[in-house]
Amino acid sequence: MRAVYANQIDQDNPLSCLTVGERPEPDLPAGGWTTVDVRFSALNHHDLWSLRGVGLPADRLPMILGCDAAGVAPDGTEVVVYPVVDDPADPRGFSLLSERHQGTLADRVAVPQACLVPKPAEVSFADAACLPTAWLTAYHMLVSRGRVADADAVLVQGAGGGVATAAIVLGVALGKRVYATSRVAGKRERAAELGAMAVEPGARLPERVGVVIETVGAATLDHSLKCAAPGARIVVSGSTSGHLATIDLRRVFAMRLELLGASMGSRDELAALLRLCAEGRIRPVVDSVFPFGDARSAFERLSSGEVFGKVLLDHTR
Ligand SMILES: NC(=O)c1ccc[n+]([C@@H]2O[C@H](COP(=O)([O-])OP(=O)(O)OC[C@H]3O[C@@H](n4cnc5c(N)ncnc54)[C@H](OP(=O)(O)O)[C@@H]3O)[C@@H](O)[C@H]2O)c1
């Protein structure tokens, strides 16, 4: 079958490790696994980390990349794949597809039956494929970890990323005032079109916020702390600009801040997101769609840092 996979890892030149070619049909591990014929998949920064060897040691290669997919189960049901697989051998207690088990950037992917979430007919395969990683993480960060129901205003750092655009759309749909930072004027304009008040990185906000959505990391964490209202939740799920950040602990204790980690979300949260889409309350932001065979261009687009929203692969083309 056709697949996009890592055949080696390279910290400095991840795209040199990418192969678009043929891989064997998936093996079905014992214990209730099934297959999904993938119609659309979406890329994530996670795929670039994998090509750099982060979370993907060389002894697991070759590995088909990809966490996100929507497609058709063997009984004809239209489904979205929940990419979190229970994994006692992993220190987190789980792994994502493409870490230990082959990923979604292929004609077919093997997944535990429990990871199939029915796709509502109102939601396209393309929109559904956006949700399992970036959108699920943004939802979990806002709703569960950030307790956004108790906040009036939200700050989203790094407006263009998949998690960030999702957090803007969700925050606005939940009735919050959403501020978003971006280094790029064009992305600030796009964020404003989604309903955010877009500012330059480090800018002083007109108010302090109750929740900060932080995926940029070292470059923005200090600003995230400065913008936080007393008792605010700063929820961190990524560190694209660097893992090691210096924070002023006086802000943490004086403002009684909560600095919270987040990683993905639950299957029920993915189902809730699909319902919001089906009701027309949210629509995923798509940066670009590439035919499956042009996956390399899709990866070049993702790694350019210019994306605004999700980069998709159309497996039917
Ligand atoms: N833990 C989880 O469950 C989970 C799930 C999904 C993603 N993640 C992580 O979350 C992060 C975000 O992923 P993503 O795919 O949404 O987006 P991304 O492509 O990593 O980009 C996010 C934003 O980061 C900003 N940025 C990048 N480098 C920067 C720098 N040096 N200085 C300042 N800003 C910088 C850019 O904002 P501007 O250009 O607009 O300034 C960009 O739009 C990744 O690290 C990813 O691994 C984690």
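One-based numbering, in listed order, for ligands and for the atoms of each.
- A donor atom on one side chain and an acceptor atom on the other are found under 3.5 Å apart for Thr19 and Asn7.
- Between Arg301 and Ser304, the shortest heavy-atom distance links the atoms O-OG, 2.6 Å.
- Which of Val163, Thr165, Val311 comes nearest to atom 16 (O) of ligand 1 through a heavy atom is settled by distance: it is Val163.
- Shortest contact from atom 47 (O) of ligand 1 to any protein heavy atom: Trp49 NE1, 2.8 Å.
- In this structure, Ser182 contributes its side chain and Val184 its backbone to a donor-acceptor pair below 3.5 Å.
- Residue His46 places no N or O, backbone or side chain, under 3.5 Å from any N or O of ligand 1.
- At a 4.0 Å heavy-atom cut-off, ligand 1 touches Ala219 through the side chain alone.
- In summary, the side chains of Gln157 and Thr215 do not present any donor paired with an acceptor at a separation below 3.5 Å, with no hydrogens or angles considered.
- Looking only at heavy atoms of the protein, atom 5 (C) of ligand 1 is closest to Thr137 OG1, 3.1 Å.
- Any N or O atom pair closer than 3.5 Å counts here, and His45 shares at least one such pair with ligand 1.
- Side-chain contact between Leu116 and Val36 is present, with heavy atoms from C-beta onward closer than 4.5 Å.
- The nearest protein atom to atom 1 (N) of ligand 1, hydrogens excluded, is given as Ser237 O, 2.9 Å; this is a heavy-atom distance.
- Judged by a 6.0 Å distance limit and a 45° cone about the ring axis, Arg296 is not positioned over the six-membered ring of Phe299.
- Contact check for Arg177 versus Glu207: side-chain heavy atoms found under the 4.5 Å cut-off.
- Taking every non-hydrogen atom of Ala262 and a distance limit under 4.0 Å, the qualifying atoms of ligand 1 come out as 1 (N).
- A donor-acceptor pair is defined here as one N or O able to donate and one able to accept, closer than 3.5 Å; no such pair exists between the side chain of Thr240 and the backbone of Val216.
- Atoms of ligand 1 lying under 4.0 Å from at least one heavy atom of Ser263, given by number and element, are 1 (N), 2 (C), 3 (O).
- In the vicinity of Gly162, heavy-atom distances shorter than 4.0 Å reach the ligand 1 atoms 14 (P), 16 (O), 17 (O).
- With Pro83 as the partner, the side chain to side chain contact (heavy atoms under 4.5 Å, CB included) test is satisfied by one option alone out of Asn44, Leu97, Val109: Leu97.
- Looking at atom 40 (O) of ligand 1, its nearest protein heavy atom turns out to be Ser182 OG, 2.6 Å.
- Looking from atom 26 (N) of ligand 1 to the surrounding protein, the closest heavy atom is Arg183 NH2, 3.5 Å.
- Within the set Pro83, Gly305, Gly158, the minimum heavy-atom distance to atom 37 (O) of ligand 1 is found for Gly158.
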- [ ] Start with the C-alpha gap between Thr181 and His223, add the side-chain angles, then the distance that decides, and say whether side chain to side chain contact (heavy atoms under 4.5 Å, CB included) holds.
- [x] CA-CA 10 Å; Thr181 67; His223 181 238; 3.9 Å; yes

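- The shortest heavy-atom contact between Leu244 and Ala218 is O-CB, 3.5 Å.
- For ligand 1, the atoms lying closer than 4.0 Å to a non-hydrogen atom of Ser239 are 45 (O).
- Contact annotation: Val216 has at least one heavy atom less than 4.0 Å from an atom of ligand 1.
- Taking a cut-off of under 4.0 Å to the non-hydrogen atoms of Thr215, the atoms of ligand 1 that pass are 10 (O), 11 (C), 12 (C).
- Asp268 and Ser266 share no side-chain donor-acceptor pair at under 3.5 Å.
- Residue, atom and distance of the protein heavy atom nearest to atom 39 (O) of ligand 1 are Lys187 NZ, 2.8 Å.
- Note: an N/O pair closer than 3.5 Å links Met264 and ligand 1 by distance alone.
- Not a single heavy atom of Pro201 lies less than 4.0 angstrom from ligand 1.
- Within ligand 1, counting atoms from 1 as listed, the ones closer than 4.0 Å to a heavy atom of Gly160 are 40 (O), 43 (O).
- Scanning the protein for heavy atoms near atom 31 (N) of ligand 1, the closest one is Ser241 CB, 3.4 Å.
- Applying the 4.0 Å criterion to heavy atoms of Ala159 picks out, from ligand 1, the atoms 40 (O).
- Screening residues 223-245 for salt bridge (Lys or Arg N to Asp or Glu O under 4.0 Å) gives Asp222-Lys226 as the qualifying pairs, with residues at least two apart or on separate chains.
- Checked for salt-bridge contact, Glu200 and Arg183 miss the test: no charged N lies under 4.0 Å from a carboxylate O.
- Of all protein heavy atoms, the one lying nearest to atom 22 (C) of ligand 1 is Gly161 CA, 3.8 Å.
- Nearest-heavy-atom check against atom 12 (C) of ligand 1 across Asp68, Val307, Thr240 picks out Thr240.
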